[in-house]
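Below: the structure, in structure tokens.
What you see below is based on every heavy atom in this structure, not just the backbone, and it leaves out hydrogens, waters and symmetry mates.
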Amino acid sequence: MRCFFHLVSDFDAILDDTGIEVPDLETAKFEAMKAIRELRQELVGASEEWRGWRLDIVCPQGTLLYSFDLNTPLH
């Protein structure tokens, strides 16, 4: 299954137009968490800039499969 990872806020969106092929939603969630961790490492000290943003996992038809709030700690 192909999943796309969109960064979305109430006022803006950074859309993933490539996506990745994954075997299931759990793998997509794992890949999303990995991307969020990398983003946080790159933007140390800039966490305020991401307040109100989320990372949405969507299918090719645009259906929301899962959403991560970027202000919530990952486990």
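- Here the side chains of Leu55 and Met33 are not in contact, with every heavy-atom distance at 4.5 Å or above.
- Tyr66 pairs by the ring pair (Phe, Tyr, Trp, His ring centres under 6.0 Å) definition with Phe68, not counting sequence neighbours.
- Heavy atoms only, all atoms of each residue included: Ala32 and Ile57 are closest at CB-CD1, 3.9 Å.
- In this structure the side chain of Thr27 never reaches within 4.5 angstrom of the side chain of Leu25, judged on heavy atoms.
- Note that the NZ atom of Lys29 and the CD atom of Glu26 stand 4.0 Å from one another [nearest 0.5 Å].
- Note: the hydrophobic cluster containing Ile20 also contains Ile36 (ILVMFWY, side chain heavy atoms under 4.5 Å, direct or indirect links).
- Ile14 contributes atom CD1, which lies 15.0 Å from atom CZ of Phe5 (distance to the nearest 0.5 angstrom).
- Scored by the side chain to side chain contact (heavy atoms under 4.5 Å, CB included) test, Leu15 finds His6, Ala13 as partners (sequence neighbours excluded).
- Contacts classified as salt bridge (charged side-chain N to carboxylate O under 4.0 Å, His left out) and involving residues 7-25 (residues at least two apart or in different chains) are given here: Arg2-Glu21.
- Here the closest non-hydrogen pair linking Cys3 and Val22 is SG-CG2, 3.8 Å.
- Grouped with Leu64 in one hydrophobic cluster are Phe4, Val58, the linkage being side-chain heavy-atom contacts under 4.5 Å among Ile, Leu, Val, Met, Phe, Trp and Tyr residues.
- For the side-chain hydrogen bond (donor to acceptor under 3.5 Å, both in side chains) test, residues two or more places apart in sequence or in another chain that qualify with Ser67 are Asp56.
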